[in-house]
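The structure appears below as structure tokens.
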Amino acid sequence: VKRFLLQRLSFLALSVFGAFTIAFLVMRLIPGDPAQVMLGDYATKESIARLRETLGLERPVWMQYVSFVGRALQGDFGQSLVTQRPAFYEVFSVFAPTMQLAAAGALVSMLLGIPAGILAAARRNRPLDYVTTTLALSGMSMPVFWLGLLLLFLFSFTLGWTPTIGAGAEGGWLSTLHHLLLPALALGLSLGAMVTRMTRSAMLEVIRQDYIRTARAKGVSEQPVVWKHALKNASIPIVTIIGIELGTLLGGSVITETIFAWPGVGRLSVQAIFNRDYPVVQAAVFILASTFVIVNFMVDLAYTWLDPRIRFR
Amino acid sequence: MMRRGWTLLLAAACVVAVLGAGAPALAQEKVLRVRIGSDMTGLDPAKLFNIENQTICNHIFNGLVRYEYEKNGAIVPDLAEKWDLSADGKTYTFYLRKGVKWHKGYGELTADDVKFSYERVLDPKTASRYKGEFKLVDAIEVVDPYAVRIRLKSKYPGFLNKVAAYNQGFVVSRKAMEKLGDQYTTSPIGTGPFVFESWSPKNQVVLLANKDYFLGAPKLDRVVFRLIQEETTAEIALQRGEIDVFYALQNAEVIARLSKAPGVTVHRRTANHTINMILNETYEPLGKPQVRRAIAHSLNLKGMRDAFFNGLKGQPNWVLTSSFEEAAKDLTEWPYDPEKAKALLREAGYPNGFKLTITSFTLQPYDKIAVLLADDVRKVGIDVNVQILERAAYLAARGAGTPHVVLTGVTGPADPDQPLWNLLHSSSFPPGLNTARYKGIDELLESAQVELDRNKRLALYRQIQQKLREDVPVVPLYNDVLFAASRAGVKNFAPDPQFTMNAYPVTVEK
């Protein structure tokens, strides 16, 4: 087990390092000069050159890379070119709302997707199955921005149950939860649809296995067979998809963040890319990649719990 | 067991939803919550750009003078109580109010701060984008702590516009700037009615009332600028009372719905800028005046304004909008006439058209209208390609001066020099906005700039607009109009033609 963990951990470090090396290179290869962006239309060649020098952009790319890695290892990603505040702080300050939203979205998707998938599998080729799969299919094909606006219109505008905008800046955890409801629903519905389909197919696979037939033959009633024996063995693909999607939720919920005016890393990094704000992009990539890798590491750990054979492979 | 777990969780979620649904307790303090459409980026007046940054700075800083937008927009005293102009029209002396306090204990405003602020704009090290605004400034002298003298290289009747409360005209604190350095841009120290409190990126900017403000403490306790990009979201938030002011409203459908919504007032104000199509003369076909005229005739601009903008934008004049005294309102746009356009192209020697690229950037509506314009131009036989770049690449292209056609407006006060000089004087490229590379009105602009006689000035600006209509270095597309909405209970709110707003006179009632 120790070897397994060590192996996973070294992969982890390697992935993060790889991710931000790529981010570093890509940011420098795309057209557009941060000095020009910062100074705008009226900038003279001299002022651009001066700023490039201040920013260290005049040095060869490999030198920039070496000094960047050196500083990054000490946790220093430099100052945001736009706001002059530490890049790490800039990203970190919106990281908590991002995590809240991603976790809530994943939770909603599990709450909806797993039971729905199990029900569909248990009633295979019966009306309930058709209804569930059709709903899941439409859930997956519904664009998030459309769904988000629809939810806003219904729950916030017409019914007045939920707030329209953003993280509850003031107020306690209850207000935060309240603000979280709609964006989590918007995010969770499409992922939930995916989880439903995944659960359904995994369950169908497992239900056909011999040990399920044995359990039934022993006279175990249907409920424990489905919810205990079958579900645990069907969980690996479900956990995998949730793990991967959680990563996507962390950085990729730009549209949901925009519609619900939710501060988040997604929007911050897109803006930083437009502004050629290298330090912020790098800090964001570092934080997101690390979280993604940690989530995947946890998924790996979950595998060993779900399927003890993996530990000894 | 498992199922019971799910049920419990669901029940818990429902309870939370119901409990949370009660309106949050509202504090007694008077807060104005304003929607902004993009985030604050930096508040250093020397580098200020974007209407959001400018709007926030409006509350924090003062100029020597300001535009009285709550009345007719005339120039009135701000930090300077009064000023006088020497007989030769070249030396201004400004007399400052006494006892004006900098925010957060940075002491009293003195003439030295004014000298520092404006010299800082001129200093190449600052890399200010407004250095050109002070191109006629020769020297700035401190007469005494409450008087500052600005000598100009030549007489310039429009000079007060340059020291008005806007961009480079804002006065910063020397002590704070020297202490805070680069941090000043995100923790600005000013003399205005509100004090900068905090900024949480991608979320909100908070300003607190300055109880010591020299014109009296504001009637609000705080102003919160809340970032909401999506206009539909802001629309619902306004109607639910989660925000008080919906600033920089653009979407025609949202404007139409809010205009009918109960308890909402939609404010409409003509801006000081026209959105123009800039035709680059250094691209060979565009070097011929007939070709530029042909393009002007090929565009169905009224159709675009009526259909695409739902009639919410105004018919333009030649660069100066109707809010300028100098605007020649009878000089209308060239009529939509594709046949005439084709004839002009034949006359210019391009009977089969030529290749043309319209370059624009990823911002509503500039990405969309580029496509509409291209469609029109294509119909007269010009082979048009549309190139939509994101901001960084767009700036790089424009800095190089290579695009054939770009779309631009110059926002600012109703000072004719502002749009005309920046867009069309040959000194405005490179660097700058004159990517038309036009030289036709240089002398007229220079004479108008120093002409003290009002009638002569008006005549010169009329001549300039006439010449623009003949030469067509730019095709004005529409006169921009600023929309904002406020909910009932918000009083004395009005957007101004610089595309900014000011919460100082505003009051709120629940």
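In the text below, chain A, chain B and the rest are named by the order of the sequence lines, each starting its count at 1. Quick caveat: nothing in here was measured; it's all calculated off a predicted structure.
- Surrounding NZ of B:K131 are at most 12 heavy atoms belonging to other residues, nucleotides or ligands under 6.0 Å away.
- When heavy atoms are compared at a cutoff of 4.5 Å, B:I243 approaches chain A solely by way of its side chain, counted from C-beta outward.
- Every residue two or more places apart in sequence or in another chain that forms a side chain to side chain contact (heavy atoms under 4.5 Å, CB included) with B:Q239 is listed here: A:F157, B:E235, B:L258, B:A261, B:V264.
- Residues B:T233 and A:L152 form a side-chain contact, since some pair of their non-hydrogen atoms from C-beta on lies under 4.5 Å apart.
- Legend: residues meeting side-chain hydrogen bond (donor to acceptor under 3.5 Å, both in side chains) with B:D244, ordered by chain and number and at least two apart, are B:R33, B:R487.
- Using a cut-off of 4.0 Å between Lys/Arg side-chain N and Asp/Glu carboxylate O, A:E90 and B:K202 are scored as not salt-bridged.
- Atom NZ of A:K232 is surrounded by more than 12 heavy atoms from other residues, nucleotides or ligands within 6.0 Å.
- Between the CZ atom in A:F274 and the OG1 atom in B:T362 there is a gap of 5.0 Å [rounded to 0.5 Å].
- The most heavy-atom pairs under 4.5 Å with chain B, out of A:T164, A:V94, A:I259, come from A:T164.
- Counted by atom type alone, B:Q229 and A:R267 present one or more donor-acceptor pairs between their side chains at under 3.5 Å.
- Shown here is A:E53, whose CD atom has no more than 12 heavy atoms of other residues, nucleotides or ligands within 6.0 Å.
- In this structure, A:R50 contributes its side chain and B:P124 its backbone to a donor-acceptor pair below 3.5 Å.
- Interface remark: of the candidates B:A393, B:P201, B:A396, B:P201 forms the most heavy-atom pairs closer than 4.5 Å to chain A.
- With 3.5 Å as the limit, one finds no donor-acceptor pair spanning the side chains of B:E230 and A:T258.
- For the pair B:R240 (side chain) and A:T162 (backbone), a donor-acceptor distance under 3.5 Å is present.
- The residue among B:Y130, B:W199, B:F49 with the most heavy atom pairs within less than 4.5 Å of chain A is B:W199.
- Looking at A:E257, there are no atoms closer than 4.5 Å to chain B (heavy atoms on both sides), in backbone or side chain.
- No side-chain heavy atom of B:D39 sits under 4.5 Å from any side-chain heavy atom of A:Q271.
- Contacts between A:L268 and chain B at a heavy-atom distance below 4.5 Å involve backbone atoms as well as side-chain atoms.
- Only the side chain of B:T185 comes within less than 4.5 Å of a heavy atom in chain A; its backbone stays farther off.
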